[in-house]
Amino acid sequence: MSKEFEIAREFEVDATPEQVWDAFTAGTGGWLWPMEAPEPHEGGKGPFGSTVTVWDPPHRYTNRVENVDGISEQTLNQLDYTVEPRDEGRRAWVRYVHSGIFVDDWDNQYDAAGRHTDFYLHTLRQYLTHFDGRPVAFVTFDGPDASKAADALAAVERALGLTGDTAEGARVRAAGPEGRGLDAVVDFRNPYFVGLRTDRALIRFFGRNHWGHPVGVSVHDFAPDADAEANAAAWRGWLDSVFSRPL
């Protein structure tokens, strides 16, 4: 049965309103995924077939789309961003509202959307604080079917070298692709997601196995020599190897 939903979040960040605005409208590859920039006026074309319904830089931006292309579970999607200055414009307060209509498996869809929102907005703050404005090579992919298992994200954590005592904020030597050690900060960790931040990249692990899907990986690489294809091959091979052995 179709049912409306709304996911609202508010936070402050050590970035100017202009930096936050740019991240929402032009720099999405640094924290979410690359998407076409909206046409800068009301009635303009937004990403994924949406229409810009509010355009007031750098304070308010809204886009809306009906009959969401490629998503059979959803018929309406609206994203609303409000940004206000704090500390004489040196910081920003942000309100993000994602709303729409889910037409199938409402509770599961809503739970997944809310938890993903928290992780993406955390990644936004990491991007603004550590990598703002830097060019990014982005890649994302799903693991094999075996990564749908109930303990799949736990297997990823073990392969990285994280233990039950490894808390958010910990500095670790993670086990990366091809036996490489990665000096990283565990910038996010809960039963659903893990985030690693190195001096060049944000590496994200999505425990979508909780909702019946494969584990996902995204890499936002901000190094001058970043190679998205090489990152994809390396991390895909790493993830495949995790699930080629007993969990």
Take K3 and F102 through the side-chain contact (heavy atoms from CB on, under 4.5 Å) test and state the conclusion after the steps. CA-CA 6 Å; K3 186 177 178 181; F102 288 137; 5.9 Å; no

Under 3.5 Å donor-acceptor, [X] side chain and [Y] backbone:
X	Y	answer
R204	L196	yes
T28	M35	yes
E4	G100	no
T51	G43	no
N209	A150	yes
S50	R64	no
T129	Q126	no
D227	E229	yes
Y127	G133	yes

With side-chain contact (heavy atoms from CB on, under 4.5 Å) as the test, would you mind laying out the steps for V94 and F24 before giving the verdict? CA-CA 11 Å; V94 180; F24 282 145; 3.8 Å; yes

Please tell me whether [X] and [Y] form a close aromatic pair, meaning their ring centres lie under 6.0 Å apart.
X	Y	answer
F5	H98	yes
W33	Y120	yes
W211	Y192	yes

Distance to the ring centre below 6.0 angstrom and angle to the axis at most 45 degrees; does that hold for [X] and [Y]?
X	Y	result
R208	F206	yes
R9	Y96	no
R200	F222	no
R60	Y81	no

Side-chain contact, heavy-atom cut-off 4.5 Å: [X] with [Y]?
X	Y	value
Q78	N63	no
K45	E36	yes
V136	F131	no

Given the rule that I, L, V, M, F, W and Y join up when any side-chain heavy atoms are under 4.5 Å apart, are [X] and [Y] in one cluster?
X	Y	answer
L182	V156	yes
F48	V54	no
L128	L121	yes
F11	V97	no
F205	V172	yes

Given the rule in the side chain to side chain donor-acceptor pair (under 3.5 Å) test, do D187 and H122 qualify, once you have shown the distances and angles that lead to the verdict? CA-CA 9 Å; D187 67 88; H122 171 83; 2.7 Å; yes

Separation of [Y] [atom2] from [X] [atom1] (nearest 0.5 Å):
X	Y	atom1	atom2	result
S218	L202	OG	CG	10.5 Å
Y61	D80	OH	CG	10.5 Å
R158	L162	CZ	CG	11.0 Å
L239	F141	CG	CZ	5.5 Å
T198	H130	OG1	NE2	11.0 Å
F193	T123	CZ	OG1	9.5 Å

Do [X] and [Y] pair up side chain to side chain, a donor and an acceptor below 3.5 Å, judged on atom types alone?
X	Y	result
D111	H210	no
D105	N108	yes
T163	T166	yes

Is there a side-chain contact (heavy atoms from CB on, under 4.5 Å) between V219 and W235 once you walk through the steps? CA-CA 9 Å; V219 180; W235 279 105; 3.7 Å; yes

Over all atoms of both residues, closest heavy-atom pair of [X] and [Y]:
X	Y	answer
A15	V20	CB-CG2, 4.2 Å
A152	S147	CB-O, 3.1 Å
P17	P58	O-CB, 4.0 Å
V215	F243	CG2-CZ, 4.5 Å
G49	V65	O-CG2, 3.6 Å
T25	P38	O-CD, 3.3 Å

Under the side-chain contact (heavy atoms from CB on, under 4.5 Å) rule, what do V185 and R197 come out as? Steps first, then yes or no, please. CA-CA 5 Å; V185 173; R197 186 187 75 243; 3.7 Å; yes

Only one of R86, R90, R125, R91 forms a salt bridge (charged side-chain N to carboxylate O under 4.0 Å, His left out) with D14, so which one is it?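 Answer to the salt bridge (charged side-chain N to carboxylate O under 4.0 Å, His left out) test with D14 among R86, R90, R125, R91: R91.
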
For W21, all residues meeting ring pair (Phe, Tyr, Trp, His ring centres under 6.0 Å), sequence neighbours excluded: W55

Taking E157 first and then R189, would you say they form a salt bridge - that is, a charged N and a carboxylate O separated by under 4.0 Å? yes

